[in-house]
Amino acid sequence: YSLKRAVAELGPSGFPFEKFVAQIFKAEGYETITDQIVMGNCVPHEMDVIAWRDNELLMIEAKFHADYSMRSDLKVALYIKARFDDLKDGTFKYGGQDRKLTRGMLVTNTKFSTTAIQYGECAHLHMIGWNYPRGENLHNMIEGHGLVPLTALTSLTQTDKKMFLASDIILAKQLLNPELLRSYNFSDEKIADVVHEVEELYKII
C-alpha cells in the first residue's frame, strides 16, 4: 500500500482532502468544520478547515496536489500568510463562544520547497507537509491516528471510490460497516472482500 498515492487520489478536486484534513484534527481532539467564509479586516476569505478546542482556534488552508511529486512553493506560503494576517485581529464564533485566531496553518499532501520552509520558519507560519516538520508531519499524523483513506483499497473500483468520496465517506475504517456497504447495493461477496481488506490493512499500519 502506498499511503502517499492514496492521499493523492483524494482528487481531482481538493474537497475530499479538506474533509480528510478535518478528520486528522478531529483525531487530535478538535471539533472541526469545513468550507467556511470568514471575514477578515479587509476582505472575506474562504477557509478550508476550521478547528477549535478549549481556547484554541485554528484556521487551516488545505493545499492539495493530485501530482504528489509537486512541491508547495514560496508563492503559496506568502499568500497564505497574507490571508492569516488579515484574519488575526478578528473575533469568530465557533463552539458557542467568541474566539480569537490562535494559529493559522498551511497543510499540504506534498513537500514544501526549501524557500517556502525558510519563509515559513522566519514568518512564523505553521506548515505541515508530507515530511515536514520532522516528527509532526502529515505522514506521521495519518499513521499515528490510523486514518487511511479509502482510496488505498484495491477491493474498490475507481467508480466506487468516487461515489464514496462524493458522499463525504473518506476513511477506509468507515467501510467496516456492512449495512453502509449494502446501502450502496454491494453484493454480500463484495462486502466481505471490502471488510476483509480493511481489517487486514489495519493490521499492518
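- In this structure, Lys161 contributes its side chain and Leu153 its backbone to a donor-acceptor pair below 3.5 Å.
- Summarising the geometry, atom CG belonging to Asp73 is positioned 11.5 Å from atom OG1 belonging to Thr114; distances are rounded to the nearest 0.5 Å.
- A donor-acceptor pair is defined here as one N or O able to donate and one able to accept, closer than 3.5 Å; such a pair exists between the side chain of Gln174 and the backbone of Leu171.
- Using cut-offs of 30° and 60° on the angle between ring planes, the pair Phe17 and Phe20 is tilted.
- The neighbour count for Glu28 CD, taken as heavy atoms of other residues, nucleotides or ligands under 6.0 Å away, is above 12.
- When atom types are taken as modelled, the side chain of Asp48 and the backbone of Ala62 share a donor-acceptor pair closer than 3.5 angstrom.
- Remark: side-chain polar atoms of Lys63 are not paired, donor with acceptor, to backbone N or O of Asn109 under 3.5 angstrom.
- A distance of 9.0 Å separates CD in Gln97 from CG in Asp54, rounded to the nearest 0.5 Å.
- In this structure, Thr151 contributes its side chain and Ala6 its backbone to a donor-acceptor pair below 3.5 Å.
- Between the Asp86 side chain and the Cys42 main chain, a donor and an acceptor come within less than 3.5 Å of each other.
- Side chain of His45 to backbone of Val43: a donor-acceptor contact under 3.5 angstrom is found.
- Taken from CZ in Phe25 to CD1 in Ile33, the straight-line distance is 15.5 Å, to the nearest 0.5 Å.
- Arg99 forms no cation-pi arrangement with Phe92, by the criterion of a distance under 6.0 Å to the ring centre and an angle within 45° of the ring axis.
- Remark: side-chain polar atoms of Thr108 are not paired, donor with acceptor, to backbone N or O of Ser72 under 3.5 angstrom.
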Worksheet item: Step by step, would you call Phe15 with Phe64 a ring-ring contact (aromatic ring centres under 6.0 Å, His included)?
Response: CA-CA 9 Å; Phe15 295 119; Phe64 175 76; over 10 Å; no
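- Looking at Glu197, its side chain does come within 3.5 Å of a backbone N or O of Ser155 through a donor-acceptor pair.
- With a 6.0 Å radius and a threshold of 12 heavy atoms from other residues, nucleotides or ligands, Asp98 has its CG atom above the threshold.
- Transitive grouping of hydrophobic side chains (ILVMFWY, heavy atoms separated by less than 4.5 Å) keeps Ile60 and Leu87 in distinct clusters.
- With Thr32 contributing its side chain and Ile50 its backbone, the two residues share no donor-acceptor pair below 3.5 Å.
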Worked verdict on Tyr79 versus Tyr119 for ring-ring contact (aromatic ring centres under 6.0 Å, His included): CA-CA 12 Å; Tyr79 90 76; Tyr119 173 78; over 10 Å; no
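- A salt bridge does not link Asp89 with Lys100: every distance from a Lys NZ or Arg NE/NH1/NH2 to an Asp or Glu carboxylate oxygen is 4.0 Å or more.
- A donor atom on one side chain and an acceptor atom on the other are not found under 3.5 Å apart for Tyr94 and Glu31.
- Here the rule is side chain to side chain contact (heavy atoms under 4.5 Å, CB included) with Met59, and of Ile80, Thr102, Leu101 only Leu101 fits it.
- Note: Ile117 CD1 to Met127 CE = 5.5 Å, rounded to the nearest 0.5 Å.
- Checking Thr34 against Lys19 by side-chain atom types alone, a donor-acceptor pair falls below 3.5 Å.
- A cation-pi arrangement, defined by a distance under 6.0 Å to the six-membered ring centre and an angle within 45 degrees of its axis, is absent between Lys81 and Phe84.
- Rounded to the nearest 0.5 Å, atoms CZ (Phe164) and OH (Tyr184) are 6.0 Å apart.
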